[in-house]
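What follows is a short report on a single structure.
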Amino acid sequence: MSKQIQRLTGMHDVLPDDRPYWDLIIATAENLARRYGFQRVDTPIIEATELFIRGVGEGSDFFVQKEMYTIQEADDSSITLRPEFTAGLVRAYIQNGMPSWPQPVKIYTIGPSFRRERPQAGRLRQHSQFDCEIMGEDDPAADVEVMMVAMNLFRELGFKGLTFQINSTGCRVCKPGYIQKLVAYLNDHIDKLADIDKERLTKNPLRVLDSKAPGMDELLGGAPHIADHLCDDCREHYAEVRSLLEALGQSYAENYRLVRGIDYYTKTVFEVWQEGIGAQAALCGGGRYDGLAEDIGGPPTPSVGFGSGIERIILGMKEQGVEPPSAAPLPVLVAHFGGATKSAAVKLAFELRGAGIGARLAFARRGRSMKSQMREAGRHDARYVLIIGDDELAQGEVTVKPLADGEEQTRMPVERIAAWLEERLSE
RNA sequence: GCGGGUGUGGUGUAGGGGUUAACACGUCUGGUUGUGGCCCAGAAGAUCGUGGGUUCAAAUCCCACCACUCGCCCCA
């Protein structure tokens, strides 16, 4: 056991049993996104490290050192497996001249991303994400549109008990002032903070709001809330987001403790929560990032988007008992007795496949009992076994054995079988 | 990086110092001459996560490591 090569920590194999979940989620997401006018864009899995450093923010060297898969190239350049999608998509927007496309540009993408952290429930080192962005639009309606793609995705997948958690994180004008007030308040109560929160207070004060330490509800309830310290522009924007949600009849919970750790977020931040996925209740997270395009060398481009981890959605579906339709079994198995009958069986199997009929061929290096081939057909839920023996071969026929009750076994010329099956299978 | 839990055939488990490690499911074969699902019989498959230590004797006790898992940190 120890000698065999194993999967890397935090990586997962997707086996056939899980495939229906993936297919359903991807199909639902793409269908939904297209109905809202999003178009698919795929960007490389690897980008210049610099892109993520700038995208993620000055103070976030933590990611660079510990959480990103970074490769030093021989020519001294540094490249990184994408830890998120937004930076790459904004880069693609700028580089491909999308600022001069009709605005806004609405794009979605699906693919893997990477983070080097200790895995836990719903958090893998490689995980796949569905990601939607509206770039070049500052209308709060765009925020709401993106939010509703997320919410409706989970609804269409059959989730129950979802809540919108929303907040505004301010902008370059009002956020710094708020942080000062928050820090001042927390410093006044520093004795009540856990060690870890004291550390956060110096490194990333907003994160203290996310503290899981006991007794924080009360302390933070008395802290200044950012919604009360927004500048006029941000306050107006936030108010309109809420009123549009209300106009849609969409409920939401204002969560003053909802902060996203990345510097580029401005104004709207949101998550969709579902109870019960371990410590991670969020099915998706997103928000507005009006300054990011400029940070990475592009024109001012107010934008909003969200990402949602597919593995985590699957976890949630399993917890909620949401089942995707399972893959349809192959309708036919072609059985034979080796030798010349095998050749004929091989030929028949390929003819059927060419005609669009799914067919499994019984393999048998040295011949195999009929019983064994029948068992194989049964195991795979085939509907018909087509048998070619010496007798059939001599007469150019094939025996059709139905596996379901109620159908009679028949025999017919091989030339007729494809048409016959097509008719039966389309019923 | 830190902490908890768990490591026995493919899967799920039992066993808890002493000669051939048990059970279920799964897999494969067979139950006459060319016909599945149930049933019956049989087979394959595990150096009991790895390495070291204690002992006459270790899957069982001790230590370390590794992996998986849950959580913390961080959250893209």
Side-chain angles (χ1 to χ4, degrees), chain A residues 1-12 15 17 51-53 55-57 59-69 80-89 113-125 127 129 131 194-197 199-200 203-204 206-207 210-213 258-265 269 271 277-280 282 284-287 289 292 305-309 312 333 335-338 341 362 367-393 399-405 409:
Chain A
M1 287 298 254
S2 69
K3 290 291 196 294
Q4 56 175 264
I5 297 176
Q6 296 183 308
R7 224 189 291 126
L8 260 25
T9 295
M11 306 289 167
H12 265 195
L15 302 182
D17 276 356
L51 173 66
F52 300 118
I53 293 176
V56 122
S60 310
D61 46 326
F62 179 84
F63 297 142
V64 183
Q65 288 167 11
K66 290 176 58 187
E67 305 255 321
M68 299 202 309
Y69 282 101
T80 293
L81 265 53
R82 65 182 175 203
E84 56 129 6
F85 289 76
T86 307
L89 289 169
S113 69
F114 304 83
R115 52 177 69 173
R116 187 162 60 218
E117 62 184 356
R118 290 288 295 271
Q120 48 185 303
R123 302 187 75 182
L124 298 168
R125 289 185 165 185
H127 71 116
Q129 224 169 290
D131 201 88
D195 287 348
I196 195 158
D197 288 321
E199 203 182 318
R200 282 165 152 168
K203 287 192 344 201
N204 192 349
L206 284 179
R207 298 287 316 164
D210 204 30
S211 174
K212 287 159 188 141
L258 179 64
V259 285
R260 316 224 81 222
I262 299 308
D263 289 354
Y264 61 57
Y265 281 106
V269 292
E271 294 181 352
I277 317 180
Q280 279 78 45
C284 74
Y289 49 95
L292 179 56
F306 84 95
S308 186
R312 192 175 292 183
L333 179 131
H336 61 268
F337 297 94
T341 65
R368 221 168 120 196
S369 70
M370 196 62 228
K371 178 191 285 288
S372 163
Q373 297 182 68
M374 290 298 297
R375 275 186 181 144
E376 178 177 346
R379 259 202 317 271
H380 293 292
D381 293 319
R383 188 160 154 198
Y384 298 104
V385 179
L386 307 184
I387 303 167
I388 298 185
D390 292 325
D391 206 37
E392 286 87 347
L393 186 59
T399 292
V400 182
K401 155 88 179 178
L403 291 186
D405 295 327
Q409 179 163 326

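These numbers come from the heavy atoms of this one structure, side chains and all, not from hydrogens, waters or symmetry mates. A note on names: the letters A, B, ... follow the listed sequences, proteins ahead of strands, and every chain is numbered from 1.
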Take nucleotides 34-43 of chain B nucleotide by nucleotide from the 5' end and write B, S or -, depending on whether a protein heavy atom sits under 4.0 Å from the base, only from the sugar-phosphate, or from neither.
BBBB------
Which whole number of Å gives the distance between the [atom1] atom of [N] and that of [M]?
N      : M      : atom1 : answer
B:rG12 : B:rU29 : C1'   : 25 Å
B:rG49 : B:rU8  : P     : 6 Å
B:rG26 : B:rG10 : C1'   : 7 Å

Under 4.0 Å between any heavy atoms, over every strand shown, what does [X] touch: base, sugar-phosphate, or nothing? Just pick one.
X        : value
A:Ser369 : sugar-phosphate
A:Thr9   : sugar-phosphate
A:Tyr265 : sugar-phosphate

Nearest-Å distance for atom pair [atom1]/[atom2], residues [X] and [N]:
X        : N      : atom1 : atom2 : result
A:Glu117 : B:rG71 : CD    : C1'   : 12 Å
A:Leu206 : B:rC73 : CG    : P     : 16 Å
A:Arg116 : B:rC75 : CZ    : C1'   : 16 Å

Side-chain-base donor-acceptor pair under 3.5 Å for A:Arg118 and B:rC72:
no
Does any N or O donor sit under 3.5 Å from an N or O acceptor when you compare the side chain of A:Arg200 with the base of B:rC74?
no
When you measure from the side chain of A:Ser372, which nucleotide among B:rU29, B:rC75, B:rA67 comes out closest?
B:rU29
Separation between NE2 (A:His336) and CG (A:Leu393), nearest 0.5 Å, reads 12.0 Å
Give the stems involving RNA chain B, where a stem is 3 or more consecutive Watson-Crick or G-U wobble pairs (i with j, i+1 with j-1, and so on) under 3.5 Å.
B:1-7 with B:66-72, B:10-13 with B:22-25, B:27-31 with B:39-43, B:49-53 with B:61-65
What residues, two or more places apart in sequence or in another chain, satisfy side chain to side chain contact (heavy atoms under 4.5 Å, CB included) together with A:Phe114?
A:Ile45, A:Tyr69, A:Leu81, A:Pro112, A:Gln126
